[in-house]
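Let me begin by presenting the structure, written as structure tokens, before commenting on it.
Both backbone and side-chain heavy atoms feed into the values below; hydrogens, waters and symmetry mates do not. Quick note on labels: first sequence line is chain A, next is B, and so on, each numbered from 1. Please read these numbers as outputs of a predicted model, since none were measured by experiment.
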There are 2 protein chains.
Amino acid sequence: MSYALSGARPIGTETRARVMAAIKELGFERNAAARSLAARRSHVLALVLPTVAGGLSGTLGEFAQAASQTARDAGYHLVIWPFDREEHAEVRDLVRQGQADGVLVMEVSLHDERIDALLASQVPFTMIGRTAELDGRSWVDIDFERTLTDAVDHLADLGHTTIAFVNHSQHSLDTGYGPTVRARDAFHAAAVARGIHATDVTSDESPLAGRLTTSAILDERPETTAFVTMNETATFGVTQALRDRRLRVPDDVSVLAVVTSPEVGAMYHPPLTTMRAPGHELGRRSVEELLAALEGTAPREAPRLVTCALSPGASTGPAPRR
Amino acid sequence: MSYALSGARPIGTETRARVMAAIKELGFERNAAARSLAARRSHVLALVLPTVAGGLSGTLGEFAQAASQTARDAGYHLVIWPFDREEHAEVRDLVRQGQADGVLVMEVSLHDERIDALLASQVPFTMIGRTAELDGRSWVDIDFERTLTDAVDHLADLGHTTIAFVNHSQHSLDTGYGPTVRARDAFHAAAVARGIHATDVTSDESPLAGRLTTSAILDERPETTAFVTMNETATFGVTQALRDRRLRVPDDVSVLAVVTSPEVGAMYHPPLTTMRAPGHELGRRSVEELLAALEGTAPREAPRLVTCALSPGASTGPAPRR
DNA sequence: CTGTTAGCGCGTTCAT
DNA sequence: ATGAACGCGCTAACAG
């Protein structure tokens, strides 16, 4: 068939016109299965994530949109494929069966069996996040070190000397979830660098847990004047606990929510100062990485670490006089 | 090849064993493209939704999980396919090109061009929600009539006589978004039935909009003692406005959030009484509908309308004495 | 119950 | 610059 028309070799202008006309008239559509079979390539990228990863939150939406767009511009479809955590094999088989050409893996932990399976089968993939071991792996991630450093600096510059950090759950820490581990370490390092009295705690992803946690911190360290939170759900509890104690934000206590969005910050009163999760950038970059791996292009040395920018709200202010 | 083994016809126990052994040893995987080509069926169901439909919210997660599971049990993959609103043709072409066998369409409006395109091309689909016209269309939806009736009844039973309803945006009403239209109408009908003084307003999907809207209602109708909200984001503003005016929940004013989840309700203080969006049920039912259409099975007459159950919180109570 | 065979609709290579 | 032929790896239909 004259189907090389679809871009493969030089074509006569007139011939092309004839073909295009025929295509219109017959309402012709290229068959994806036949193309995939012949070309040995599905032109599908799979975005796999744990089932209901906190319910496909706002950040995911932004990420997926950017990734989707980038993929489309390159002639690929991005499809979101939810899997339970235990289904390592299924993730790998998506590619081995030719359903997808490559995989974007979200919510990776420091030791992630899905990644082991992918590596063992030589399946092309890019991680959103990082395993502990990195060589030979393609990834993009939030720069937690930089983000937490900036967060601590912001508060230290405002005169705060005792800062608490409300992290993700203990479970996520125990299972080696990268963001939890990295953020904790970075917070500590930044606090030491600025001579800050630091408290860090984990909290389950619920407002109630955040409230209890915050309450406990205030009991133990009443001199705490600032909270950095990296737990969207628990943050609701943090502000509740402050309200319970008649502590005003930001006059008595400052709250800085990191790796979230101003939109979420706007749900509070006053609106939270946030450090925005760079979902868009991560989405674009991760697809670029994966495509480079797929097409054998040299994995261009672009930044793999993306930072969260400070988005001023009304929840951080100068430390109160004592 | 003896591949009918994979379920198509009776097989000798021993033959089966031999084949299975060979499969293990060679690490064999069936090729999806070849299967699709030969069988003229991709075994993929596409869940299409507008790009960043409010950021793939919590309800979507629940829906997707259930749909995904149901599809898998039937030997299908459910893949989430984000599209911009304007890309009607692309949605249709997914199936025409054989990328997917059928489509689940989310966020359908009363007059939805995507649906028109699907109908014109005879593509199998099921709507999550309903167009105005329904015949020959497969759908499942939330029972807004019932939900709003239950909501009004709940509050009326508590003695409230003036109730305000905070709906989705004016834009969604203007563009004929089913839930917005149906909920408004149902609220009115229910209020009339119970002799309630009803106010209904639309609000943009932001806390600020919810706050201003609520404030305006309280100015105009200070006798309002209860709010029904169907706008997750704006509801944050509703409670802020009440707090601004020193109105206590539920002593002075009751708040009932419908078509949301107790988890979201828990982000409030006190926790909101909610009517839970039946994401799980909708996900399961919608895939069942679509599969019935695909496999030519008689579209079994199961309920297409699913109701939201009341989940008690602490934000509704008896109407205050005047 | 089991072995064999003919396409499915494209990409690709080989002629022209 | 174009047409023709082959085969991607399977399913389904047909013999045995």
Side-chain angles (χ1 to χ4, degrees), chain A residues 1-45 74-77 90 92-102 121-124 291 294-296, chain B residues 1-46 74-77 90 92-102 121-124 291 294-297:
Chain A
M1 290 220 173
S2 38
Y3 280 89
L5 301 193
S6 307
R9 69 185 181 188
I11 231 65
T13 327
E14 188 222 331
T15 313
R16 145 159 274 123
R18 271 196 305 125
V19 175
M20 294 312 263
I23 282 182
K24 292 290 159 227
E25 289 181 28
L26 306 193
F28 172 87
E29 291 283 342
R30 271 145 87 181
N31 178 295
R35 299 188 69 191
S36 301
L37 183 57
R40 289 104 172 289
R41 163 156 287 196
S42 65
H43 285 278
V44 165
L45 305 183
Y76 284 80
H77 276 297
E90 279 76 2
R92 175 201 58 198
D93 292 343
L94 275 187
V95 174
R96 301 217 307 185
Q97 296 174 167
Q99 296 264 18
D101 294 337
S121 300
Q122 310 232 43
V123 168
L291 289 177
L294 281 179
E295 323 227 287
Chain B
M1 290 219 174
S2 36
Y3 281 91
L5 302 194
S6 306
R9 66 187 183 187
I11 231 63
T13 326
E14 190 220 333
T15 313
R16 144 159 274 124
R18 274 197 303 126
V19 174
M20 295 313 260
I23 282 181
K24 292 291 160 231
E25 289 181 28
L26 305 191
F28 173 87
E29 290 284 342
R30 266 146 81 178
N31 179 296
R35 298 188 67 190
S36 302
L37 182 57
R40 287 109 170 287
R41 164 155 286 197
S42 65
H43 286 277
V44 166
L45 305 182
Y76 284 80
H77 276 295
E90 279 75 2
R92 174 202 59 196
D93 292 342
L94 275 186
V95 174
R96 301 217 306 184
Q97 296 173 166
Q99 296 264 16
D101 294 337
S121 300
Q122 311 232 44
V123 168
L291 289 178
L294 281 179
E295 323 227 289
T297 323

Correct closest heavy-atom pair for B:Leu291 and B:Ala74 would be CD1-CB, 3.4 Å
Grab the two heavy atoms, one from A:Asp93 and one from B:Glu29, that are nearest each other, plus how far apart they are. OD1-OE2, 3.5 Å
Taken to the nearest whole Å, CZ/B:Arg41 to C1'/D:dA12 is 14 Å
Using a 3.5 Å distance criterion without hydrogens, assess whether the side chain of A:Asp101 forms a donor-acceptor pair with backbone atoms of A:Leu45. no
Atom CD of B:Glu295 with >12 non-hydrogen neighbours under 6.0 angstrom: yes
Is there any protein nitrogen or oxygen under 3.5 Å from a nitrogen or oxygen in nucleotides 6-9 of chain C, and what are the pairs?
{"residue": "C:dC8", "atom": "O2", "partner": "B:Ala38", "partner atom": "N", "Å": "3.4"}

What distance separates A:Gln97 CD from A:Arg92 CZ, expressed to the nearest 0.5 Å? 9.5 Å
